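Read through the structure below, which is laid out as structure tokens, and then see the notes.
In this text the structure is predicted, and so the values were computed from the model without any measurement. Heavy atoms only: backbone and side chains are in, while hydrogens, waters and symmetry mates are out.
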2 protein chains.
Amino acid sequence: MSYDFYRKHDKLLTLFLLLFLLFINGVKAQTISWKQVAPGVWKGIVGKPEAYDLLKAAGISPNIKAMNTIAKTDFPFKENRIAAKVRDNRTFLRFPLDKQEQLYGFGLNFQTVNQRGRILQLHVDHFGGSDNGRTHAPVPFYVSSTGYGVFVNTARYITVYAGTGVRKDSKDAPEEQDRNTNPDWNAQPYSDAVEIVVPTGGVEVYVFAGPTTMDAVRRFNLFNGGGCLPPRWGLGFTQRVKSLYTDEEVKKEADEFTAKGYPLDFIGLEPGWQSKSYPCSFVWDSTRFPQPAKFVSEMLQRKIRLNLWINPYVSKYSPIYKDLLPYTASHKVWNGIIPDLTLSAARKLFFGQLDNAQVKLGVSGYKIDEVDGYDNWLWPDAATFPGGISAEQMRQTFAVLCQKYSTEIFHQQNKRTYGLVRGSNAGAVSFPYVIYNDYYKHEDFITALINSGFCGVLWTPEVRASATSEEWLRRMQTVVFSPMAMINAWASGTKPWSYPEVAEKVKELASLRMQMMPYWYTAFARYHFEGVPPFRSMNLEDGFAQTSASVKGNNNLEENPYALATKKEIKDQYMAGDYLLVAPLFAGDGGRRVVLPRGKWFDFYTGTYAGNGEVITVSPGYDKIPVYVKDGAIIPMQPPMLHAPKPGEKVDIEFRHYGEKEGIYKLYDDDGESFDYEKGSYSWRMVTMKRNSKGEWIGTISEAEKNKPNTVGSVRWKHIGDK
Amino acid sequence: MSYDFYRKHDKLLTLFLLLFLLFINGVKAQTISWKQVAPGVWKGIVGKPEAYDLLKAAGISPNIKAMNTIAKTDFPFKENRIAAKVRDNRTFLRFPLDKQEQLYGFGLNFQTVNQRGRILQLHVDHFGGSDNGRTHAPVPFYVSSTGYGVFVNTARYITVYAGTGVRKDSKDAPEEQDRNTNPDWNAQPYSDAVEIVVPTGGVEVYVFAGPTTMDAVRRFNLFNGGGCLPPRWGLGFTQRVKSLYTDEEVKKEADEFTAKGYPLDFIGLEPGWQSKSYPCSFVWDSTRFPQPAKFVSEMLQRKIRLNLWINPYVSKYSPIYKDLLPYTASHKVWNGIIPDLTLSAARKLFFGQLDNAQVKLGVSGYKIDEVDGYDNWLWPDAATFPGGISAEQMRQTFAVLCQKYSTEIFHQQNKRTYGLVRGSNAGAVSFPYVIYNDYYKHEDFITALINSGFCGVLWTPEVRASATSEEWLRRMQTVVFSPMAMINAWASGTKPWSYPEVAEKVKELASLRMQMMPYWYTAFARYHFEGVPPFRSMNLEDGFAQTSASVKGNNNLEENPYALATKKEIKDQYMAGDYLLVAPLFAGDGGRRVVLPRGKWFDFYTGTYAGNGEVITVSPGYDKIPVYVKDGAIIPMQPPMLHAPKPGEKVDIEFRHYGEKEGIYKLYDDDGESFDYEKGSYSWRMVTMKRNSKGEWIGTISEAEKNKPNTVGSVRWKHIGDK
């Protein structure tokens, strides 16, 4: 056929072509039928979802009762604005995106908060230095600044185009620009959709209503069962000791903390506690720990709990090896066999060993390493697992399975745990684990802390060693305002007092952490019962302007050939609990800018008025991490203690009130260690601070509930502030 | 079931489990039936391969005749050592890997040569700074140091584990090590397989026999139709001018080259030649180029050809826009529509426009930009194309289709072209395009040049601008020993003489490039007719020890927690043509080590003996790039010229002989511009250099063949060397 023939008959040929294409592709955009499965949560099914997915791996139980307390609302936009099609054994999803809308989430990112305009392939892995979807917890959930969330329930690697593609048929398409003549030519034109490719023939999609972005996050967390509630001791201080320490060295180190007056609640033992590691035996090393039961008990007498490092790759020297072998993967990790944790036989053997040899002796938790990546030693996607799920699905959920079933050991004993894990995913919101990694950039650790709040995970900006005492202090300042206050000295052997110039400052910080325990504990109770993340982005805060500024690219086309714009965003300050805005400084910083949301904010240390909906600049010197308190805040403080209070131990509380507004606060209380709160054995005490007729601030606290744990000793009230 | 029950009945339960698993998985390792499809090339089919693949996209025609001249050999190992299974709509392939075997290829990598132990997801994209499979030409082909090659013929993103996974059932598994006590514990234990995951239910696999690694490369190239043969002018010098240059400025620049005595064969015009760019109109801009036919002809009178920049995204202002619209993708790139080049209607419109508006005027080639990535502006994988192939398949082959069909325009006119392209893949070996990118690290540019020879593509280490005159000279030194000697001044406007301190040196280098044209042209003829890559790795050279040393990881576990070993490999020297070993220096280098393969090597400039199978250290100063010549080499040189000879123009040749061995060389000849060589209109002239009875070196050249082009004028012989 000649070119002319084509030109003459183009309309007819186009019609034929289109009919032909419909025929060969067999693709129709599907109408998704949405079903409300929990208050403000809708589920839509596209194609044939797989039998195994993230929520099934985690075995979630939504907290419907709590979700009912969030404002009722409809589907957040017209249902037909979500499009889906299945083709070529892949599922293609499209979600709407308005012009000013910003997107947050997609897992534990380290360098960026606003994800609009980014492309990610969500894949459980160590963080490799850039936010590309490969991260410890690549949770396929995002929230929008306009107040809703979307979750794709798949244990596959999905590709997310978070507002990059521009379609021909878009009703809201950008205008063409000529790069030859238009200096405003933009390499990334406006896109009106989030597009997601799921590499299977179907998937479940969930939409979470707002009305606010925080409400969407809360619905997601509560749908997953609510956040974890750590034991009180989990919020104290923890030190991880050198890998080959003996029992005597561990005891000595614990005693040193006490002697020097540094608080300590649990010590982490690294690979050397085991007779073999990488792969692991899950058996105490008889030379370093000849009498483990005695050792654990001696530590508990010191009020120090133990957390044990493991990775779930089983050595041939482990007592469970032979029995476990049939229930393991085709491949090995460091020559250790990989239990298929979807099989109950494998779980009974693997977690049975932990239970019998460690937990039953009194060990309080685990650090579960290398369940994330990286590819060079984890099983390849070509591996097979006897339970039948694919290597890819196992990769996406292995860390979740480890969290779930290790938590169950402790649950059976009605003792809470609070551990560390290197990987996670959706569904794991309720598991008491904090994510960590080997990366060590302080700034990025804070950005990770911010992002953790969008995706139902916890993150610790652990400190290991530092180049200078300034860096040590700066890192310690953020450690104490985080979900787990940890020094990880497995390789360095660093102690809190290792930098003499700042040793006293570090002790003060550690004491502050302990004094704030009632505040942290209540914040976690809010996470558990109400879905509010204890550490979170400014973007979830009322009065914070959720905008994102682009700075035009430079004109040096040699170095930036597409004149790409740079995004400016707030990724170095965060909210901690209900009232505190934390604005860290990093080694070398003389001062910093702090963005205060609308409403009055006060200095945490002095109560001085700091600002209202404005950007302030502060230079607090080495000693202080800038922290600001919301107007009307009440912060409960206990006396400085070296260890968390025991169950039933009464602790005096000073309620500090800030600012000008009257304060209303709910203080959470329970026994601090058991799961009895699940059966109702907890209380919320109502605390208020109001002016009396003379203008004096007067505090009240509601009566303790009958037959509920009550750990509040004497109470004091203190108004802090100059206005 | 209790744990005890499991332990008692473990054998029975295991049996049940295994039967159950066989049932639910339905997976059997497939036996592949291998069929020899060309001399030393076997094809195996696994599952149901897709209708569209890399070789179909390129439409290859194997050069069976040439392949017959390579030594006959059997399947390179036992056929059953390749395992395959299809499961879960993915194909899992496994290839054997012996202990000392090294692997090369997997496309255009920039920082590594030896790929053993690496994990790659092959995905056409710009190079993003690390070798992870995302590159301009992620060719799914590798060769082994033991002398064979493997090619996976799929236009999908495949994941390659190049010797990382360790299987439980491996007969050659590494021993378990205890990291607690063994200082030699290794984070990456020995793996005995290459494992590949193809995300579809079947695939074609090809095995290429040796016996040498070079033979396997040659078979691959010849199976793809043989390498491209550029026109002679393509091997001259090229300058790309600033984007918004007018016709007068272009002519002026050409005249400046002549006036200053710098050789020049073609000029590249950047986006500004078009009336609209990003997206493109494919129409001359009437203000900058009011009389394009006249302009092209005036340039040709100057013996300067024109190469035009395009990207294949069509502006609504283009004359083909309306007709093309039905044959374009669902998505746009920079608001330009994307022609579906698998549809002949789209091709006729798109390439018809190039042909009618430019090639028919005498334009000699194109620079096809942005057919690689990156994701932020290319179509997402969620896009659809009216021809029915997926967005992923289009991504993997778009650049190949652009090369294939643009070459056809020129083929129809029986005029060769030699252009630039930003993407490629398997199948494109015979297309006359050189890959380039925006990245600009000189060292990595050389590593890319080395790797290009493993995967049937060409790469230019183009120079743009430099921080210092030293850097300019160092970069120029490698530019002249590369497939395309190019200054890309689209943004900077740099000229060869822009750094006055080295302007004369640059002129000498450019002259050297021109003098060596017969050598380069013959090297490309070898590529075309015999499959030997003109620029290639030392690992393809006889006498080069193909080993790879690992250096044990440092003991600072804070910074290298897995004590990862570092790989040392030769990635900064390469072979150019049959005889030359090029060992570049980079800005700041005072000297360097050069690894000389076994056999005697001589200095290119002086003929001095340099060494034999040893590592030498050289410090040649700024002026010289170290180049070594193989014993017995014959290098044909023409006089310095400003432009390549015209068809039929006779050129005097000096044959330079190096070393002690007698020389035998085949000089290729044809008209240099047409495709008549495809019909046999070419010749190989046999050239020898031997000592006579007096010990003097005497050269001979065979008679010119009758009725064949003969461009050899007078010949001279020169023995260079002190031994």
Side-chain angles (χ1 to χ4, degrees), chain A residues 3 6-7 10 14 17 21 24-25 88-89 92 119 159 161 164-168 174 176 178-180 185 187-189 195 197 199 244 271-272 276-279 315-316 323 326 330-332 334-335 337 345 348 352 375-377 379-382 386 388 390 438 464-465 491-492 557-558 561, chain B residues 3 6-7 10 13-14 17 21 24-25 88-89 92 119 159 161 164-168 174 176 178-180 185 187-189 195 197 199 244 271-272 276-279 315-316 323 326 330-332 334-335 337 345 348 352 375-377 380-382 386 388 390 438 464-465 491-492 557-558 561:
Chain A
Y3 177 64
Y6 267 88
R7 293 198 67 132
D10 63 341
T14 306
L17 181 74
L21 297 177
I24 61 160
N25 294 349
D88 201 18
N89 250 289
F92 301 91
I119 295 164
T159 309
Y161 301 85
T164 61
V166 180
R167 279 164 299 113
K168 272 195 317 199
E176 181 181 322
D178 175 22
R179 194 179 179 187
N180 287 343
W185 177 86
Q188 295 184 259
E195 291 177 284
V197 182
L244 295 180
K276 304 277 176 190
S277 79
Y278 290 87
S315 160
K316 65 183 177 187
D323 292 342
S330 58
H331 285 63
K332 299 193 283 181
W334 293 306
N335 301 310
I337 52 175
K348 276 176 209 266
D375 287 347
N376 285 62
W377 41 76
W379 61 87
D381 288 349
S390 70
D438 284 321
R464 297 201 276 270
S492 63
L557 292 173
E558 293 271 331
Chain B
Y3 178 64
Y6 268 87
R7 292 199 68 133
D10 62 343
L13 283 166
T14 306
L17 181 73
L21 297 176
I24 62 161
N25 294 348
D88 201 19
N89 250 290
F92 300 92
I119 294 163
T159 308
Y161 301 85
T164 61
V166 178
R167 279 165 300 113
K168 269 193 323 197
E176 180 181 324
D178 174 22
R179 195 179 179 188
N180 287 343
W185 178 86
Q188 296 184 260
E195 292 177 283
V197 182
L244 295 180
K276 303 279 177 189
S277 79
Y278 290 87
S315 159
K316 65 182 177 187
D323 292 343
S330 58
H331 285 62
K332 300 194 281 182
W334 292 308
N335 301 311
I337 52 175
K348 276 175 208 262
D375 287 347
N376 285 63
W377 41 76
D381 288 349
S390 70
D438 284 321
R464 298 201 274 271
S492 62
L557 292 173
E558 293 273 331

Handout entry: Exercise: do B:Ser277 and A:Asn180 side chains pair donor with acceptor under 3.5 Å
Key = yes

Exercise for the section: Hey, can you tell me if B:Trp185 and A:Trp334 have their rings parallel, tilted or perpendicular (30° and 60° cut-offs)? Expected result: tilted

Contact origin within [X] toward chain B - heavy atom pairs under 4.5 Å:
| X | result |
| --- | --- |
| A:Glu176 | both |
| A:Tyr278 | both |
| A:Asp375 | both |

Problem - salt bridge (Lys or Arg N to Asp or Glu O under 4.0 Å) partners for B:Arg179, two or more places apart - result: none

Handout entry: Distance in Å, A:Phe92 CZ paired with B:Asp381 CG, rounded so as to fall on 0.5 Å steps
Key = 7.5 Å

Completion exercise
Output for pair (A:Trp379 CH2, B:Thr164 OG1), nearest 0.5 Å, gives 13.0 Å

Might you point out which heavy atoms bring [X] and [Y] nearest each other, and give the distance in Å?
| X | Y | value |
| --- | --- | --- |
| B:Asn89 | A:Asn89 | ND2-ND2, 2.9 Å |
| A:Val197 | B:Ala382 | CG2-N, 3.8 Å |
| B:Lys332 | A:Arg167 | CE-O, 3.9 Å |
| A:Asp178 | B:Lys276 | OD1-CA, 3.4 Å |
| A:Glu195 | B:Pro380 | OE1-CG, 3.6 Å |

Handout entry: Stepwise salt bridge (charged side-chain N to carboxylate O under 4.0 Å, His left out) check, B:Arg464 with A:Glu558
Key = CA-CA 8 Å; B:Arg464 298 201 274 271; A:Glu558 293 271 331; 3.8 Å; yes

Practice task
Give the intermediate values and the outcome of side chain to side chain contact (heavy atoms under 4.5 Å, CB included) for residues A:Val166 and B:Asn335.
Solution key: CA-CA 7 Å; A:Val166 180; B:Asn335 301 311; 3.8 Å; yes

Problem - Contact winner vs chain B - A:Ser330, A:Ser390, A:Ala465, A:Pro189, heavy-atom pairs under 4.5 Å - result: A:Ser330

Handout entry: Pairs of heavy atoms under 4.5 Å with chain A: top-ranked of B:His331, B:Lys316, B:Gln188
Key = B:His331

